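Keep in mind it's a predicted model, so treat the numbers as computed, not measured.
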Amino acid sequence: RALVPSPLTPPEAVVRQQLDAFQKDDIETVYELASPMNQAATGPWPQFNKMVRSPPFDTLIKHSHSSILMTMRVSTTPSLQQWSCLVRVYPRPGSFPKEFLWELSKCGENAGHLSGCWMVDGVVPA
């Protein structure tokens, strides 16, 4: 089951939970950890599911293992807190790795139960 978002959950834990969900082909959890902005941009669940099962994201599904290589707090202003990390993913044992950039932000006060929680705004090939 997915990590329950909390303002106390660090962004790296959210990324690790999403990576674990990708590895287990648990795309519902991947979607739940996406920010409201991300969900609005990628469309409803069926569209999101189709998108992550297509290149380049399909290499994340059932990947062999992954590592967070580098993290960076992009902004520290109280109204906009952003965080990014570079992740190396090995699709299958012995395969060449792929790198992705995870981008997260803290949800604002109008995000209901997600207010103050780190959520994934996007994942892009690096």
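Closest approach of Pro5 to Cys117, counting heavy atoms only: C-SG, 3.7 Å. The minimum heavy-atom distance linking Pro7 with Ser115 is given by the pair CG-O, 3.6 Å. Considering every non-hydrogen atom in both Phe57 and Val123, the closest pair reads CE2-O, 3.1 Å. Residues Gln47 and Thr42 approach most closely at NE2-O, 3.2 Å, considering heavy atoms. Across Pro125 and Pro56, no two heavy atoms sit closer than the pair CG-CG, 3.4 Å. In terms of heavy-atom proximity, Trp118 sits nearest to Gln81 at CZ3-O, 3.5 Å.
Between Asn49 and Pro46 there is no side-chain heavy-atom pair separated by less than 4.5 Å. Residues Ile27 and Trp45 form a side-chain contact, since some pair of their non-hydrogen atoms from C-beta on lies under 4.5 Å apart. In this structure the side chain of Pro36 reaches within 4.5 angstrom of the side chain of Cys107, judged on heavy atoms. Using a 4.5 Å heavy-atom cutoff, the side chains of Gln18 and Thr29 are not in contact. A 4.5 Å side-chain heavy-atom check between Glu99 and Leu86 finds at least one atom pair inside the cut-off. Within the 4.5 Å cutoff, no side-chain heavy atoms of Phe22 are placed close to those of Val89. Residues Gln82 and Leu104 fail the side-chain proximity criterion, which asks for heavy atoms closer than 4.5 Å. Counting heavy atoms from C-beta outward, Val14 and Trp102 have side chains that stay 4.5 Å or more apart.
Phe100 and Val52 fall within the same hydrophobic cluster, defined by Ile, Leu, Val, Met, Phe, Trp and Tyr side-chain heavy atoms under 4.5 Å apart, directly or through other members. Neither Leu69 nor Val87 shares a network with the other; the hydrophobic side chains, linked directly or stepwise wherever heavy atoms of I, L, V, M, F, W or Y lie under 4.5 Å apart, form separate groups for each. At a threshold of 4.5 Å between side-chain heavy atoms, the hydrophobic network of Ile, Leu, Val, Met, Phe, Trp and Tyr places Ile61 and Val15 in one connected group. Under the 4.5 Å side-chain heavy-atom criterion for grouping Ile, Leu, Val, Met, Phe, Trp and Tyr, Met119 is not connected to Met51 through any hydrophobic cluster.
In this structure, Gln39 has no side-chain hydrogen bond (donor to acceptor under 3.5 Å, both in side chains) partners at least two apart in sequence or on a different chain. The side chain to side chain contact (heavy atoms under 4.5 Å, CB included) test applied to Ser84 returns Val74, Leu101, Glu103, not counting sequence neighbours. Residues satisfying the side chain to side chain contact (heavy atoms under 4.5 Å, CB included) test with Gln23, not counting sequence neighbours, are Asp20, His63.
Within the model, atoms CD1 of Ile68 and CD of Glu12 stand 4.0 Å from one another, a figure rounded to the nearest 0.5 Å. From Leu60, atom CG reaches atom CZ of Arg53 across 11.5 Å, with rounding to the nearest 0.5 Å. A distance of 9.5 Å separates CD of Gln17 from CD of Glu32, quoted to the nearest 0.5 Å. Atom-to-atom distance recorded for Ser66:OG and Arg16:CZ is 7.5 Å, nearest 0.5 angstrom.
Ring planes of His65 and Tyr90: parallel class, angle under 30° (limits at 30 and 60°).
Looking only at distances, no side-chain donor or acceptor of Thr59 sits under 3.5 Å from a matching main-chain atom of Pro55.
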